[in-house]
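Note that this is a predicted model, so its numbers are computed, not measured. Only heavy atoms go into these numbers, but all of them, side chains included; no hydrogens, no water, no symmetry mates.
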Amino acid sequence: MSLNIFNRHIPVGLFIPVLICIATVFFPGCKSRAQPDGLQVIESLTLDSVPSGSGLAVGRRDSLYIIGDDATRLYGAGKNEYQFKGISIASIPGNHYREPKPVKHDFESAAVITVAGTPLLLAFGSGSQTPTRDSVLMVNLRMLDNQVTFSLTAFYDSLRIQTGTDRAMWNIEGSCMTRENLFLANRGNNLLIMLESNAFLAYMLQQGMPMPKAKKWEIVHLPELEGKQARLSGLSTINDSL
């Protein structure tokens with residue numbers, strides 16, 4: 001079976017490199033071998049041409065891509081350039097620099113994966129407001145104008161029911177994928193959700209496929225500062241072996 005998306009056939013038997021070893025919630029044996037004494041800022045840079053930055057993803061040839069919660073464009077740059085150029089998003093009118101808050105798509109996280117040799121960027125809406133923030137943008141990084149935006153309203157509704165999460169607490173701010181799994185981080189209650197990558201992509205790309213079910217979910221308990229608990233606000237990948 002194949003999916004005729006992005007002007008090419010993409011097999012459902014997907015190979016998806018990228019991924020994660022996050023908190024030891026799902027993988028207790030995955031722990032840092034050395035604890036650093038601290039972090040040091042090596043360099044800082046002000047990007048005055050980018051209206052907002054909610055997610056950063058690394059694409060082919062180490063190119064960088066920034067998505068913003070109210071930006072009307074995707075921004076890309078080479079590894080060492082830091083001169084980000086705007087890339088039009090087909091589903092967002094380009095006559096504004098920033099989307100108005102009541103109607104913004106609220107893309108809060110981004111992940112880059114490879115499917116049948118094609119690098120794809122997925123930007124997930126937070127889902128904190130329906131239906132404006134219930135979507136995922138998929139961009140073919142070989143042909144940047146080859147894009148599709150999918151509604152995630154039914155998918156997010158299903159995940160809320162499965163995990164027993166109140167709508168008021170729903171705010172997806174982190175995402176990443178391995179060849180096996182998709183991980184989503186919900187900032188509202190520090191919920192980490194794991195699903196099968198193949199099941200999610202098949203549901204998104206092929207009409208009539210069943211709703212993906214969460215394989216596992218867990219509340220992550222993070223440190224507190226002055227009585228306020230830290231919140232999940234992004235996920236990253238290490239390799240595609242998990």
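To the nearest 0.5 angstrom, L122 atom CG is 4.0 Å from M138 atom CE. Between Q83 atom CD and S49 atom OG the span is 7.5 Å, to the nearest 0.5 Å. The CH2 atom of W217 sits 9.0 Å away from the CD1 atom of I193 when rounded to the nearest 0.5 Å. Annotation: the span from Y156 atom OH to F124 atom CZ amounts to 6.5 Å, rounded to 0.5 Å. To the nearest 0.5 Å, the span separating CG on L144 from CG on L74 amounts to 7.5 Å. To the nearest 0.5 Å, atoms CD (E180) and CE (M194) are separated by 10.5 Å.
Salt bridge status for D69 with K104: present, with a side-chain N to carboxylate O gap under 4.0 Å.
Between L192 and L235, the closest side-chain pair of non-hydrogen atoms falls below 4.5 Å. Here the side chains of Y75 and I67 are not in contact, with every heavy-atom distance at 4.5 Å or above. A heavy-atom distance below 4.5 Å is found between the side chains of S91 and H105. Side-chain contact check for K215 versus N181: some heavy-atom pair is nearer than 4.5 Å. Residues I172 and R187 are not in side-chain contact: their nearest non-hydrogen atoms beyond the backbone lie 4.5 Å or more apart.
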Please evaluate residues L120 and T114 with respect to the criterion side-chain contact (heavy atoms from CB on, under 4.5 Å), reporting the C-alpha separation (whole Å), side-chain torsions for both, the decisive distance (0.1 Å), and the verdict.
CA-CA 6 Å; L120 306 174; T114 298; over 6 Å; no
In sequence, state the C-alpha distance, the side-chain angles, and the governing distance for L159 and L184, and then conclude on side-chain contact (heavy atoms from CB on, under 4.5 Å).
CA-CA 10 Å; L159 285 184; L184 297 174; 3.9 Å; yes
Please step through side-chain contact (heavy atoms from CB on, under 4.5 Å) for the pair Y65 and L141, ending with a clear verdict.
CA-CA 10 Å; Y65 295 92; L141 295 182; 3.8 Å; yes
Residue pair F200, F155: steps toward the ring-ring contact (aromatic ring centres under 6.0 Å, His included) verdict
CA-CA 9 Å; F200 173 74; F155 174 68; 5.2 Å; yes
Could you walk me through whether S197 and R179 satisfy the side-chain contact (heavy atoms from CB on, under 4.5 Å) test, starting with their C-alpha distance in whole Å, then the side-chain angles of each, then the deciding distance to 0.1 Å, before giving a yes or no?
CA-CA 7 Å; S197 296; R179 68 176 73 172; over 6 Å; no
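Remark: side-chain polar atoms of N190 are paired, donor with acceptor, to backbone N or O of A230 under 3.5 angstrom. A donor-acceptor contact shorter than 3.5 Å links the side chain of N186 to the backbone of M169. Looking at Q147, its side chain does come within 3.5 Å of a backbone N or O of A90 through a donor-acceptor pair. A donor-acceptor contact shorter than 3.5 Å is absent between the side chain of D70 and the backbone of R98. Judged by distance alone, with hydrogens and angles left aside, the side-chain atoms of R142 form no donor-acceptor pair with the main-chain N or O of P119 at under 3.5 Å. Between the side chain of E196 and the backbone N or O of P212, no donor-acceptor pair lies under 3.5 Å.
Side-chain contact annotation: S233 with E173, donor-acceptor N/O pair under 3.5 Å present. R133 and S126 share no side-chain donor-acceptor pair at under 3.5 Å. Side-chain atoms of R167 and T130 form a donor-acceptor pair, as typed in the model, at a separation below 3.5 Å.
S109 and S175 make their closest contact through OG-OG, 2.9 Å (heavy atoms, listed as atom of the first residue, atom of the second, distance). The two atoms that bring P51 and Y97 nearest to each other are N-OH, 3.3 Å, heavy atoms only. P102 and Q129 get closest at one heavy-atom pair: O-NE2, 2.9 Å. In this structure, G86 and R73 approach most closely via the heavy-atom pair O-NH1, 3.6 Å. Listed here is the closest heavy atom pair of T149 and S135: CG2-CB, 3.9 Å. For A111 against C176, the heavy-atom pair with the smallest separation is CB-CA, 3.9 Å.
Applying the side-chain hydrogen bond (donor to acceptor under 3.5 Å, both in side chains) criterion to T165, with sequence neighbours excluded, gives T163.
Hydrophobic clustering (side-chain heavy atoms under 4.5 Å, transitive across Ile, Leu, Val, Met, Phe, Trp, Tyr) groups F183 together with L222. Using a 4.5 Å cut-off between side-chain heavy atoms of Ile, Leu, Val, Met, Phe, Trp and Tyr, with links allowed through other members, V103 and I89 fall into different hydrophobic clusters.
Other residues, nucleotides and ligands contribute over 12 non-hydrogen atoms within 6.0 Å of the CD atom of E224. In K85, the NZ atom is not crowded: 12 or fewer heavy atoms of neighbouring residues, nucleotides or ligands sit closer than 6.0 Å.
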